[in-house]
Each structure stands twice: as C-alpha cells, then as structure tokens.
Amino acid sequence: MGTDLHELLTSLRVWDPELTELPAFDPAAAPAEPLPLFTRWFAEAVAAGQPEPHTMSLATADAEGLPDVRIVMLHGADADGWSFATHAHSRKGGHLAARPYAALAFYWPVLGRQVRVRGPVATAPAEEARADLRARSAGALASALTGRQSEVLDSPEELTRASEAAWELARREPDTPAPSWTLYRLRPDEVEFFQGDTLRRHIRLRYRRSPRSSREVWSSELLWP
Ligand SMILES: Cc1cc2nc3c(=O)[nH]c(=O)nc-3n(C[C@H](O)[C@H](O)[C@H](O)COP(=O)(O)O)c2cc1C
C-alpha cells in the first residue's frame, strides 16, 4: 500500500504549541542594522534547541537566470558578510562564477522564525578558505579533498575509493590544501526577518542597504504578511 501523501499533509500543522514557542517581536525596538538582530536570533534559536540552526538554503541562478537551491552550512556572519564554503567547480560554484549573486533562507521552526538574505557574492582570498577548512573537522577536509562535486558519478565504488583515499590523506596530513574548496561571502543588500504569530499577523521586518551609500547605512520597513 502506498503512502497517502495528501492525508499525511492534512494531518500536519505548522507551529504545534507542543514544539514551538512564538516569541513576541517588537520591530520598533529592533536594531538599526540587520547583523546584530541576526546574531541575536541565531543565539536564541540555539538556546531554544533548534536542531541544526546553522544550515541554510542557498539559492543561485544559472547563466540563463533559472533558479536552483540547496542546503549549505553557515560559516560566519560579520561585517564582511554571510559566509559559506563549497567547491568552485560544483554546479553552484559555476552559477556564482557566472552570476555572483545569491539568496539565503534560514528556518528556525521552534521559534516560528525565518530569515532571508540577498546580495552579491565575493570569493574570499584562498588563504582564508584554507584557514576556514583547517579549523573544521577531518571529515570536512576529507569531503573537500574528495572533490568532483556535482559531476556524474559512474559507480558507488568509485566514490568509496576516492573517499577512502581522501580520509587517509586528511588524517595523515591535516594541512593538505583542497584547491577548489572556496570560501564565499554574501554581502547583503537586503535582509528580512519573519516572526510567526498564532493569529497569522506575522511580522516581517525588511532591512535594505541604502543604494546611495557605500557605508553601512540601512533603512527598514514592515511588510504585509
Ligand atoms: C545539512 C547539509 C549541509 C550541507 N552543507 C554543505 C556545505 O557547507 N557545502 C557544500 O558544498 N555542500 C553542502 N551540502 C551539500 C549540498 O546541499 C549539495 O548537495 C552540494 O553542495 C552540491 O550542490 P550543487 O550541485 O548545487 O553545487 C550540505 C547538505 C546538507 C543536507
């Protein structure tokens, strides 16, 4: 017997009070810039027990402008932007080379919160990518050394062989460079914070960087939910 997807879908709900606490959010008291609010919401997601709050959707567009999306890890968020790492020769790496612009989405259901970030993406200097990788686990290095991300895989055995060699190298020489592993920084020109509300009066606070300023000058406004 097949699963009745529709029945399952109608049995599920969003923000079950047993699992979710929807905090009050006063946008009038929000900081003038998005980074401190992101940092605060991130810490609150961690404190509330949100599993894997540092995973995010990364949307890119191909050379024709067609969209694509996948999950990656957040490596940092600071004055230089929101950072993530991947292979320059992966599908998304090709997209970013052709169109250096992306969008991120975080969803932290235990607090009914979503954050969306959009902006141009720059490649960090290779030395920073190396330092970022060195600071991570042997598994991260092994995965970076396995390489060929997004190429067609001829057989599972081929992956096992390449991965075993990469794990061996990662353990023996933890400073081995992974040349195509690249650190990217998205410098937002727009960041939106969404706080869910039980009466569906969700709060959406959008920050936009002033186009007339190269300095960090932000304006913010509310959006209809
Ligand atoms: C929880 C999770 C975290 C991931 N983190 C990364 C990451 O940080 N970097 C990365 O290249 N791929 C990561 N992936 C794999 C990507 O989702 C994707 O499969 C891969 O990068 C190839 O994407 P592409 O073909 O669009 O380039 C992660 C996947 C999951 C499920």
Side-chain angles (χ1 to χ4, degrees), residues 19 38-39 41-43 45-46 48-78 80-111 113-156 158-160 162-167 169-170 174 176-188:
L19 305 169
F38 179 83
T39 307
W41 275 28
F42 189 86
V46 173
Q50 173 61 55
E52 303 182 8
H54 56 327
T55 59
M56 59 192 186
S57 302
L58 164 68
T60 54
D62 68 16
E64 281 78 51
L66 299 176
D68 204 348
V69 66
R70 78 291 290 155
I71 306 291
V72 295
M73 317 286 296
L74 176 69
H75 285 217
D78 55 30
D80 294 328
W82 271 244
S83 57
F84 56 91
T86 191
H87 286 283
H89 305 301
S90 65
R91 186 199 280 219
K92 72 185 98 46
H95 291 178
L96 290 170
R99 291 179 180 262
Y101 201 93
L104 309 173
F106 295 85
Y107 179 43
W108 298 317
V110 296
L111 295 171
R113 285 175 170 175
Q114 168 182 242
V115 181
R116 299 163 62 176
V117 184
R118 304 175 76 202
V121 176
T123 302
E127 181 41 48
E128 287 181 39
R130 274 196 292 278
D132 181 81
L133 186 55
R134 263 199 303 274
R136 301 179 86 79
S137 61
L141 177 58
S143 142
L145 289 171
T146 303
R148 301 183 64 177
Q149 188 179 60
S150 312
E151 285 181 28
V152 172
L153 174 65
D154 291 327
S155 72
E158 205 183 338
L159 171 60
T160 305
S163 170
E164 276 171 0
W167 270 98
L169 185 56
T176 310
S180 77
W181 191 250
T182 305
L183 186 66
Y184 293 92
R185 292 210 172 91
L186 187 162
R187 185 168 175 264

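Note that ligands are numbered from 1 as they come in the structure, with each ligand's atoms numbered from 1 the same way. Residues: numbered from 1 along the sequence shown. Computed from a predicted model, the values in this text were never measured in an experiment.
- Of the protein's heavy atoms, R70 NE, 2.8 Å lies nearest to atom 26 (O) of ligand 1.
- Under a 3.5 Å cut-off, the side chain of S90 and the backbone N or O of T86 do not form any donor-acceptor pair.
- Looking at atom 3 (C) of ligand 1, its nearest protein heavy atom turns out to be M73 SD, 3.6 Å.
- Closest heavy-atom contact between L133 and L141: CD2-CD1, 3.7 Å.
- Some N or O of T86 is nearer than 3.5 Å to an N or O of ligand 1, by distance alone.
- Ligand 1 has no N or O atom lying under 3.5 Å from any N or O atom of E52, backbone or side chain.
- If you check which protein heavy atom lies closest to atom 13 (C) of ligand 1, you get I71 O, 3.6 Å.
- In this structure, W108 and F38 have tilted ring planes: the angle between them lies in the 30° to 60° band.
- Near S90, meaning under 4.0 Å from any of its heavy atoms, are these atoms of ligand 1: 27 (O).
- Exactly one of D132, V72, T182 qualifies for a side chain to side chain contact (heavy atoms under 4.5 Å, CB included) with F84. That residue is V72.
- The protein heavy atom nearest to atom 22 (C) of ligand 1 is K92 NZ, 3.5 Å.
- Going from atom OH of Y184 over to atom CG of L58 covers 10.0 Å, rounded to the nearest 0.5 Å.
- In summary, the atoms of ligand 1 found under 4.0 Å from a heavy atom of A85, numbered by their order in the structure, are 7 (C), 8 (O), 9 (N), 10 (C), 11 (O).
- Here R91 does not pair with E151 in a salt bridge; the nearest charged N to carboxylate O distance is not below 4.0 Å.
- Geometrically, R185 does not engage W82 in a cation-pi contact defined by less than 6.0 Å to the ring centre and at most 45° from the axis.
- Ligand-side atoms of ligand 1 in range of R91: 24 (P), 25 (O), 26 (O), 27 (O), range being under 4.0 angstrom from any heavy atom.
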Under the side-chain hydrogen bond (donor to acceptor under 3.5 Å, both in side chains) criterion, do D68 and H95 qualify, and how do the steps go?
CA-CA 9 Å; D68 204 348; H95 291 178; 4.6 Å; no
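- Under 4.0 angstrom from ligand 1, the non-hydrogen atoms of Q149 all belong to its side chain.
- The distance from atom CG of L111 to atom CH2 of W41, rounded to the nearest 0.5 Å, is 8.5 Å.
- Within the 4.0 Å cut-off (strictly below), a protein heavy atom is located near atom 9 (N) of ligand 1.
- For atom 6 (C) of ligand 1, the closest non-hydrogen atom of the protein is V72 CA, 3.6 Å.
- From the protein, the heavy atom lying nearest to atom 25 (O) of ligand 1 is S150 OG, 2.6 Å.
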